[in-house]
Amino acid sequence: DKAKGMKSAYELALERMDAMGVERPNEEALSDATKQAIAEARRFTESKLAELEILHRDQMAKLTDPTERLEQEEFYRREHETLPRDGETKVERIKAAAEAK
């Protein structure tokens with residue numbers, strides 16, 4: 001039971017897109033198999049991020065040398081930036097392949 005006149009964040013975002021002249025997303029264009037492949041790609045990315053976090057914490061607990069700790073922090077930061085970007089690239093490839101069919 002929505003309060004009269006209340007809109008969801010999604011509805012408000014769609015209205016803003018219309019006002020800016022941006023085309024609305026077309027979710028119906030994606031098949032169930034494509035949606036499932038996208039969800040799987042995102043789950044994989046999330047699992048890799050969780051694994052990275054666990055391994056990073058383990059490494060940091062073992063390291064005592066400040067230089068090695070800084071190197072580990074830098075590695076973690078780079079990977080934490082790269083994994084989501086790679087995951088979204090994979091999602092875009094899945095979408096592009098679905099549109100090409």
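Values below: every heavy atom of this structure, side chains too, minus hydrogens, waters and symmetry copies.
- Looking at Glu11, its side chain does come within 3.5 Å of a backbone N or O of Ser8 through a donor-acceptor pair.
- Counting only residues at least two apart or on different chains, no ring pair (Phe, Tyr, Trp, His ring centres under 6.0 Å) pair has a member in residues 31-53.
- In summary, Arg77 and Glu74 engage in a salt bridge, as defined by a charged side-chain N under 4.0 Å from a carboxylate O.
- The list of ring pair (Phe, Tyr, Trp, His ring centres under 6.0 Å) pairs with a residue in residues 82-101, not counting sequence neighbours, is empty.
- Counting Ile, Leu, Val, Met, Phe, Trp and Tyr side chains that sit under 4.5 Å apart, directly or through other members, Leu49 shares a hydrophobic cluster with Leu52, Phe75, Tyr76, Leu83.
- By the neighbour-count criterion of 12 heavy atoms within 6.0 Å, atom CD of Gln36 is sparsely surrounded, having that number or fewer from other residues, nucleotides or ligands.
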(request) Assess whether salt bridge (Lys or Arg N to Asp or Glu O under 4.0 Å) is satisfied between Glu40 and Arg43, documenting all intermediate values. (result) CA-CA 5 Å; Glu40 178 60 32; Arg43 277 192 301 273; 2.9 Å; yes

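- In this structure, CG on Leu63 lies 8.0 Å from CG on Asp65, to the nearest 0.5 angstrom.
- Partners of Glu51 under the salt bridge (charged side-chain N to carboxylate O under 4.0 Å, His left out) rule, at least two apart in sequence or in another chain, are Lys48.
- Checking side-chain atoms of Arg69 against main-chain N and O of Thr64 turns up no donor-acceptor pair under 3.5 Å.
- For the residue pair Glu79 and Pro84, the shortest heavy atom distance occurs at O-CD, 4.3 Å.
- By the salt bridge (charged side-chain N to carboxylate O under 4.0 Å, His left out) test, Glu68 pairs with no residue at all, sequence neighbours left out.
- Under the salt bridge (charged side-chain N to carboxylate O under 4.0 Å, His left out) criterion, Glu15 pairs with Lys7, sequence neighbours left out.
- Salt-bridge annotation for Asp58 and Lys62: present, with a side-chain N of the basic residue lying under 4.0 Å from a carboxylate O of the acidic one.
- Between the side chain of Arg42 and the backbone N or O of Gly87 there is no donor-acceptor pair closer than 3.5 Å.
- Classification of Arg57 and Glu53 as a salt-bridged pair holds, one side-chain N sitting under 4.0 Å from a carboxylate O.
- Ile94 contributes atom CD1, which lies 10.0 Å from atom CD of Glu88 (distance to the nearest 0.5 angstrom).
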(message) Between Glu73 and His56, is the side-chain contact (heavy atoms from CB on, under 4.5 Å) condition met? List the steps.
(response) CA-CA 8 Å; Glu73 283 291 338; His56 172 68; 3.3 Å; yes

